[in-house]
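For reference, the structure is listed below as C-alpha cells.
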Amino acid sequence: MRLMLLELVPHEPERVNRSQAYPWLMGLAEKQGWKAWWRVLGLRYEPTLRYKLAPADLKALLEEVRRHKPEILLVNEQIENEQKALLCKTGMKLVYCTLETEEDLSDLGRFVRKHIKKLAAGQDKLDALEPVFRRKRLNRAPWLTPPFIRVLAGTYCAYLTKTADNPFYRELASAPAQMSCSFCESGPGRRKGKAAAEDAVAFAARQVAAACAERLEEDGELRFEVSGWDLWRRLEDFVELLVWKGVSSAELLFMPRVDDLLAARAAIERCLPLLAGRKLAMRVYGMSVENFSAAENLRLNKGITAAQVHEAAAFMLETNQAWPEQFRLSPGGLSMILFTPWTTLTDLRLNLDHIERCPLIDPAFALSRKLQLFPGRPVTLLAENDGLVIDDRDDHFYNAGCMTGADQDDLPWRFRHPEVGVLWRLSRRLSCDRRRVPEADAESKAVAAFLERAGQAAAKPLAVFRMAVEAAAAHPETDSVCGLLERMEAVRP
C-alpha cells in the first residue's frame with residue numbers, strides 16, 4: 001500500500017480541520033509496512049471550505065504524486081472539482097478524511113478498512129500505535145504561519161445542564177432532556193463514542209513528545225492545539241509528564257470555558273515555573289464569552305456571567321504580565337456571538353459597554369459575530385418554534401468559523417426585531433469580516449463612503465456602531481443600511 005496524506009493548512013491556523021488522525025495513520029502505515037508520505041500545503045483560508053490550489057502549489061503536489069505514485073491521496077479539505085479530476089487522472093484514488101473528533105479517532109480502524117485497506121483485528125488500536133509526525137511542507141509563502149499540531153485527548157467539553165432548568169427550553173417539546181451550549185455540536189450526541197485511549201493525559205503527552213522528537217531544526221518552536229476537558233482538568237499532570245519526557249520548545253494552546261479557566265487558576269500558577277524550566281509555553285485562545293446579555297446567554301445556554309468574563313480577563317492579563325513568555329495572549333483574545341435572532345437594542349447597548357470595558361475583546365472581531373443555526377440543535381429548535389427560521393438568505397455567504405466542512409450548511413433566519421437586522425448588515429461591513437463581502441456590494445460602498453466623510457471620527461468601529469444603534473432607536477422604521485447611514489449623517493458632529 002502506498003498512501004499520501006495531504007494536509008491543507010489555511011493561513012489562519014485555527015481553521016485546520018481533520019488532520020488530527022494523520023500521525024496515527026502514519027504510525028499505522030509503519031506498523032503495517034506500508035509506504036506513506038505526509039505533505040503540507042499552506043493556503044489562504046476560504047470560508048466556503050472548498051479550495052482551489054494555486055498553480056505553483058498544484059504543480060508541486062503533482063510532482064510529489066508522480067515521484068511516489070501513491071494509490072490513495074487522503075485530503076483534509078475539499079478541493080474544487082476540476083483540480084480533483086486532474087489529480088485523479090494520475091490513477092490514484094482521492095479520499096476525504098472525516099476523522100475530526102476524539103470519538104472519530106476511536107473509529108480509525110473502521111475508516112481505514114472502508115477507505116484504504118483491510119486490517120487484521122486489533123491492528124488499529126491507538127494505544128498500540130506510535131504516532132509519526134514526519135511531514136514535509138511543499139510551499140513556504142511569507143504570509144503562512146507554522147501549522148498547529150492538533151492533539152485530541154478525552155471528551156471535548158463536559159458542560160451539560162438539565163433542559164428543564166432553562167426557562168426558554170423547558171416547554172419546548174422537541175428539546176433534549178440535557179444540553180450543553182444550545183448552539184454547539186459538542187453536545188451529548190457527540191459523546192456517545194468510546195474514548196480513543198484509556199488515559200487522556202498519557203495519550204496527549206505521547207503525541208506531543210513524539211512530534212518534538214521528530215522536529216526539524218527549521219521548525220523551531222512547535223505549536224500544539226490541545227483539546228479535551230479530561231486533559232484540562234488534569235493540567236498539572238499533563239505538564240509534569242511533558243517535563244518528565246524532556247519535551248521543550250513547544251507552545252500548548254488550550255480553549256477552555258471561562259468557568260473552567262477560573263477553576264484552574266491555582267493549577268496554572270503552579271505549572272508556569274515548570275513550563276519556564278523547559279522553554280514551554282501555554283496560550284488560552286478562542287475562549288468565548290458568547291454574549292454579555294443575561295437573556296441572550298440563557299438562550300445560548302452558556303452558563304457564564306459577565307462578572308466571570310471580566311474576572312477571567314483580569315487573571316489572563318495579570319498572569320501574562322507576570323509570565324509573558326510562559327502565559328501568552330492571542331490577538332483578539334475572547335470570542336463572542338453578538339447577534340442572535342432575538343437580539344434587542346438593549347442587548348446591543350449592554351454588549352457595547354462590556355466590550356469597551358474588556359481589553360481582551362477585539363471590537364472589529366466582535367462586530368462580525370452572528371449566530372449560525374444548524375439542524376437539530378436546541379437553539380435551532382427554539383428559533384423554529386418562534387418562527388424565525390426562513391427559506392432564503394438576505395445577505396452574502398457568511399461563515400463565522402462554525403462550518404468546518406464544505407458539505408455543511410447553516411439555516412437562514414430572520415431577526416425578531418427588524419431594526420436589529422439592519423444593524424447587523426452595517427456591523428458586518430464595519431467589522432473584520434467586511435473583506436469577505438463582495439467589493440461590488442452597494443451597502444459596503446455606502447459604508448466606505450460614510451467612513452471616508454467621517455474621517456478621524458470613523459477610526460473606531462465600535463463608536464460608529466454605537467452611533468448607529470442610537471439612530472436605529474430613534475428611527476426604528478429605517479429599513480436599509482443606506483437609510484440608517486443618512487440618519488447617522490444628520491446627527492454626526
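Side-chain atoms of Thr161 and Asn166 include no donor-acceptor pair closer than 3.5 Å. In the model, Glu269 has no side-chain atom that pairs as donor or acceptor with a side-chain atom of Thr319 under 3.5 Å. Side chains of Ser293 and Asp347: a donor on one and an acceptor on the other come within 3.5 Å. Checked by atom type, the side-chain pair Ser249/Glu221 shows no donor-acceptor distance below 3.5 Å. Side-chain N/O atoms of Asn76 and Asn17 include no donor and acceptor closer than 3.5 Å. Tyr398 and Arg436 share no side-chain donor-acceptor pair at under 3.5 Å.
Taking all atoms of both residues into account, the shortest heavy-atom contact from Leu235 to Met282 is CD2-CE, 4.4 Å. In plain terms, the two heavy atoms of Pro131 and Arg206 that are nearest each other are CD-NH1, 3.9 Å.
Between Arg283 and Glu225, none of the side-chain N atoms (NZ, or NE/NH1/NH2) sits under 4.0 Å from a carboxylate O, so this pair counts as no salt bridge. Arg135 has no carboxylate O lying under 4.0 Å from a charged side-chain N of Glu214, or vice versa, which leaves the two without a salt bridge. Salt-bridge annotation for Glu251 and Arg223: present, with a side-chain N of the basic residue lying under 4.0 Å from a carboxylate O of the acidic one. A salt bridge links Lys136 with Glu64: the distance from a Lys NZ or Arg NE/NH1/NH2 to an Asp or Glu carboxylate oxygen falls below 4.0 Å.
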For this session: Given side chain to side chain contact (heavy atoms under 4.5 Å, CB included), test Leu6 with Leu74 step by step and report yes or no.
Result: CA-CA 6 Å; Leu6 175 62; Leu74 187 72; over 6 Å; no
For this session: Walk me through it: do Arg393 and Asp410 pass the test salt bridge (Lys or Arg N to Asp or Glu O under 4.0 Å)?
Result: CA-CA 10 Å; Arg393 303 181 194 280; Asp410 61 338; 3.0 Å; yes
For this session: Evaluate the criterion ring-ring contact (aromatic ring centres under 6.0 Å, His included) for residue pair Phe374 and Trp413; output intermediate values, then yes/no.
Result: CA-CA 11 Å; Phe374 295 94; Trp413 53 265; over 10 Å; no
Exercise. Hey, mind stepping through Leu53 and Leu8 against side chain to side chain contact (heavy atoms under 4.5 Å, CB included) and telling me if it holds?
Worked result: CA-CA 9 Å; Leu53 305 182; Leu8 299 182; 4.0 Å; yes
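In terms of the side chain to side chain donor-acceptor pair (under 3.5 Å) criterion, residue partners of Asp57 (sequence neighbours excluded) are, by chain and number, Asn139. The side chain to side chain contact (heavy atoms under 4.5 Å, CB included) test applied to Val437 returns His396, Arg428, Arg429, Asp441, Ser444, not counting sequence neighbours. Partners of Glu63 by salt bridge (Lys or Arg N to Asp or Glu O under 4.0 Å), not counting sequence neighbours: none found. By the side chain to side chain donor-acceptor pair (under 3.5 Å) test, Trp342 pairs with Asp386, sequence neighbours left out. Take Leu352 and apply the side chain to side chain contact (heavy atoms under 4.5 Å, CB included) test, not counting sequence neighbours, and it matches Leu462, Phe465, Arg466, Val469. Contacts of Glu30 classified as salt bridge (Lys or Arg N to Asp or Glu O under 4.0 Å), with partners at least two apart in sequence or in another chain: Arg134.
Between atom CG of residue Leu338 and atom CD1 of residue Ile361 there is a gap of 9.5 Å, rounded to the nearest 0.5 Å.
Using bins of under 30°, 30° to 60° and over 60° for the plane-to-plane angle, the ring pair Phe292/His354 lands in the parallel bin.
Taking the six-membered ring for Trp and the full ring otherwise, Trp24 and Phe203 have centroids separated by under 6.0 Å.
Remark: Arg377 is not positioned above the aromatic ring of Phe183, lacking an NZ or CZ atom under 6.0 angstrom from the ring centre and at most 45 degrees off the axis.
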